[in-house]
Amino acid sequence: MVGILRLADIVAVGVCAVLAFWLREDVTEMPPHYLLAVVLGMVGIINACQLAGLYQFDAIARVRGQFGRVSLLWLGVILILIALAYLTKTSESFSRVWAITWFFLVDAALIINRVIAVGRVEKLRADGKLARRIAIIGAGMKAARLCRLIENNDPREVIVAGIFAPDEPGERGLDALTARIIEDKIDEAVIAIDDNDHALLQKIITVLGSVSVETRIAPDTIDLPLPILGVSHIGTIPLFDIHHRPHSLWSRITKRIEDLILGTLALVALSPLMALIAVAVKLTSSGPVLFRQQRLGFNNNAFTLFKFRSMSDHPDDSDTVPQAQRDDARITPVGRLIRRASLDELPQLFNVLRGEMSLVGPRPHALAHNREYGKMINGYLGRHRVKPGITGWAQVNGLRGETDTPEKMRLRVEHDLYYIDHWSLWLDIKILAQTLVFGFFHRNAY
C-alpha cells in the first residue's frame with residue numbers, strides 16, 4: 001500500500017504537469033526545462049511526504065490531518081522550485097498559468113490519492129485482511145492478562161490466534177506453534193512467562209529463532225497503564241521508553257528561531273493596536289495597564305505573565321483564584337471587548353521574546369489551578385515539559401475559556417499532551433494559521 005501510494009504521487013505530479021501544459025499550449029510535448037522542473041517536483045514531494053511521515057501506514061490509514069499537510073508540503077515544493085528558477089534566472093521561461101494550473105491539479109490529485117488509499121485500507125480492514133494474528137506463549141495469569149488486553153483492541157487490527165504452553169506437547173505446545181508459523185497462520189509471537197525463568201525463556205527464543213516470525217517479550221508490567229513509547233538500549237540492556245524529552249536540541253533551536261522571527265514581526269505589526277488598547281484601559285478604569293501574575297513555565301519554573309488588565313479587581317494568587325465567568329461583574333467594558341477578541345493576551349509577545357513563553361504551546365494556568373488540577377488529573381504537570389504558549393492545540397480545537405468541570409480541563413490536558421508528543425514546525429504553522437483565521441473570537445472567550 002505504501003509503495004503504491006508513493007508511485008501514485010509520482011504519477012500524479014507527472015500527469016498533472018502534462019495536462020496543465022496541454023491546457024495552456026494545446027500540445028503535450030514539454031520543453032526540457034519543464035521536464036526538469038517536473039522531475040524535481042516528483043523528487044521533492046515524495047521526499048517531503050517521507051520526512052513528514054505521510055508514507056507511514058498509520059498515517060495512510062486515517063484521513064484526519066493528511067489533506068492539509070500534503071497541501072502544505074506541495075506548496076513548499078513549489079516555492080522551492082520558484083526560488084531555484086529565480087536564482088538560475090530561468091523563471092521567465094516558464095508559463096505562470098502553467099505553474100499555477102499544475103499546482104492546483106497536483107494538490108487535488110494528491111488528496112484524491114489519499115482518499116482512495118484510506119478507502120482501500122478500510123476495505124481490507126473490514127475484510128479482516130489487515131489483522132495481525134498474535135500467538136501468546138505462556139500459561140497462568142500473565143498470559144491470560146495479555147490475552148485479555150489484546151482482545152480489548154479492535155479485532156480488525158489484531159487477533160489472538162491462541163495461547164501456547166511452552167512446556168507442554170500437543171496442539172498447544174511449541175511444536176504446534178512452529179507448524180502454524182510455517183503455514184503462515186501466525187504473524188507475531190509474544191512471550192508471556194515469568195521473567196526469572198531464564199532457562200525456559202532461552203528455550204523458547206531458540207525454537208522461535210528457527211522460523212520466520214516477529215517475536216516479542218511481554219514485561220511483568222503488561223497490565224499497568226504505562227505510556228510505552230518505544231524500546232531503547234543502554235549498552236546491551238533493553239529498556240522501555242516511558243517519556244521522551246519533547247524537543248531535541250535542533251527542535252528547540254528551530255522553535256526559538258520561530259518565536260523570535262514571528263514574535264518580532266507580530267509585535268511590530270500589532271504595536272499600534274496595542275498602544276490604542278493601553279490608552280483605552282488607562283482612561284476607562286483605575287489601575288495599571290498591564291496585569292501581571294506568576295505562572296509556571298518550562299520545567300515548572302515560575303515567570304511573570306503579562307496581559308492587558310481587563311478587570312477592575314484582581315485577587316492575589318491565593319488558594320482560590322476564581323476564573324472569569326460569563327457576565328462577570330469584575331470585567332470592565334473595555335476588558336469585555338478585548339477579552340472577547342483575545343486581545344488582552346497580546347502583551348505575552350514580550351514573554352515570548354524574553355524566552356519565557358512560545359507562540360504555540362500549552363496555555364499557562366494560575367498557580368492555584370496548577371495545585372488543584374495537578375492532584376486531580378493524571379499527566380497534568382506534563383504540560384510543563386515545554387514552554388507555555390499564547391495559543392495552542394487545545395485552543396484551536398475549541399477548548400478555551402472557563403474550565404468549570406474537571407472533564408473540560410482533562411480534555412484540554414489531553415490536547416496539550418498530544419501537541420507535546422507530536423510537535424513539528426508544520427503543526428505550529430497550522431495552529432498559528434487556525435488562530436489567525438478562527439481563533440480570535442470564540443463563544444467561550446469572555
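We use all heavy atoms of the structure for the numbers below, so side chains are in, but hydrogens, waters and symmetry mates are not.
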Inset, instruction - Using distance alone, with no hydrogens and no angle criterion, decide if Gln294 and Thr304 have a side-chain donor and acceptor under 3.5 Å apart. - result: yes
Review item, side-chain donor-acceptor pairs of residues 261-281, under 3.5 Å, at least two apart:
{"unit_1": "Thr264", "atom_1": "OG1", "unit_2": "Leu260", "atom_2": "O", "d": "2.6"}
{"unit_1": "Ser271", "atom_1": "OG", "unit_2": "Val268", "atom_2": "O", "d": "2.9"}

Legend entry - Residues that Thr284 engages under side-chain contact (heavy atoms from CB on, under 4.5 Å), provided they are two or more places apart: Val334
Inset, instruction - Give the minimum heavy-atom separation between Ala48 and Val77, together with the two atoms involved. - result: CB-CG2, 4.4 Å
Legend entry - Value rounded to 0.5 Å, distance of CZ in Phe308 from OG1 in Thr332: 12.5 Å
Legend entry - Glu372, His365, Glu414 screened by side-chain contact (heavy atoms from CB on, under 4.5 Å) with Met409, the one that passes: His365
Inset, instruction - Could you tell me whether a side-chain N or O of Lys255 sits under 3.5 Å from a main-chain N or O of Val360, the two making a donor and an acceptor? - result: yes
Inset, instruction - Drop me the distance from Thr391's OG1 to Leu359's CG, to the nearest 0.5 angstrom. - result: 9.5 Å
Legend entry - Phe94: partners by ring-ring contact (aromatic ring centres under 6.0 Å, His included), with sequence neighbours left out: His33, Tyr34
Legend entry - Sidechain-backbone polar pair: Gln395 side chain, Gly392 backbone, donor-acceptor under 3.5 Å: yes
Inset, instruction - Take Leu54 and Leu73 through the side chain to side chain contact (heavy atoms under 4.5 Å, CB included) test and state the conclusion after the steps. - result: CA-CA 10 Å; Leu54 293 188; Leu73 291 172; 3.7 Å; yes
Legend entry - Any residue meeting side-chain hydrogen bond (donor to acceptor under 3.5 Å, both in side chains) with Trp98, in chain and number order, not counting sequence neighbours: none
Legend entry - Ion pair check, Glu407 and Arg410, cut-off under 4.0 Å: yes
Inset, instruction - Identify whether the distance between the nearest side-chain nitrogen and carboxylate oxygen of Arg385 and Asp416 falls below 4.0 Å. - result: no
Inset, instruction - Using side-chain hydrogen bond (donor to acceptor under 3.5 Å, both in side chains) as the criterion, list what pairs up with Arg363, not counting sequence neighbours. - result: Glu345, Gln348
Legend entry - Minimum heavy-atom distance Glu356-Asn351, with the two atoms named: OE1-ND2, 2.7 Å
Inset, instruction - Using the test salt bridge (charged side-chain N to carboxylate O under 4.0 Å, His left out), find all partners of Asp259 that sit at least two apart in sequence or belong to another chain. - result: none
Legend entry - Check: Val70 and Cys49 side chains under 4.5 Å, non-hydrogen atoms: yes
Legend entry - Pairwise distance CG(Leu40) to CG(Leu35) - rounded to 0.5 angstrom: 11.0 Å
Inset, instruction - For the pair Tyr380 and His384, name the ring-plane relationship: parallel under 30°, tilted 30 to 60°, perpendicular over 60°. - result: perpendicular
Legend entry - Contacts of Val190 that satisfy side-chain contact (heavy atoms from CB on, under 4.5 Å) - sequence neighbours left out: Ile134, Leu146, Ala218
Please output the side-chain donor-acceptor pairs of residues 18-28 that fall under 3.5 Å, not counting sequence neighbours, one pair per line with the distance.
{"unit_1": "Arg24", "atom_1": "NE", "unit_2": "Ser95", "atom_2": "OG", "d": "3.2"}

Inset, instruction - Only counting residues at least two apart or in another chain, list the ones meeting salt bridge (charged side-chain N to carboxylate O under 4.0 Å, His left out) with Arg132. - result: Glu188
Inset, instruction - Might you point out which heavy atoms bring Leu432 and Glu258 nearest each other, and give the distance in Å? - result: CD1-OE2, 4.0 Å
Inset, instruction - Please lay out, stage by stage, how Trp393 and Leu399 fare under the test side chain to side chain contact (heavy atoms under 4.5 Å, CB included). - result: CA-CA 9 Å; Trp393 184 239; Leu399 299 171; over 6 Å; no
Inset, instruction - List the atom of Val13, the atom of Gly41, and the distance in Å for their closest heavy-atom pair. - result: CG1-C, 4.1 Å
Inset, instruction - Applying side-chain contact (heavy atoms from CB on, under 4.5 Å), name anything that partners Leu51, two or more places apart in sequence or on another chain. - result: none
Legend entry - Pairing residues for Arg292 by the salt bridge (charged side-chain N to carboxylate O under 4.0 Å, His left out) criterion, not counting sequence neighbours: none
Inset, instruction - Would you please name every residue forming a side-chain contact (heavy atoms from CB on, under 4.5 Å) with Ile253, sequence neighbours left out? - result: Leu249, Trp250, Ile257
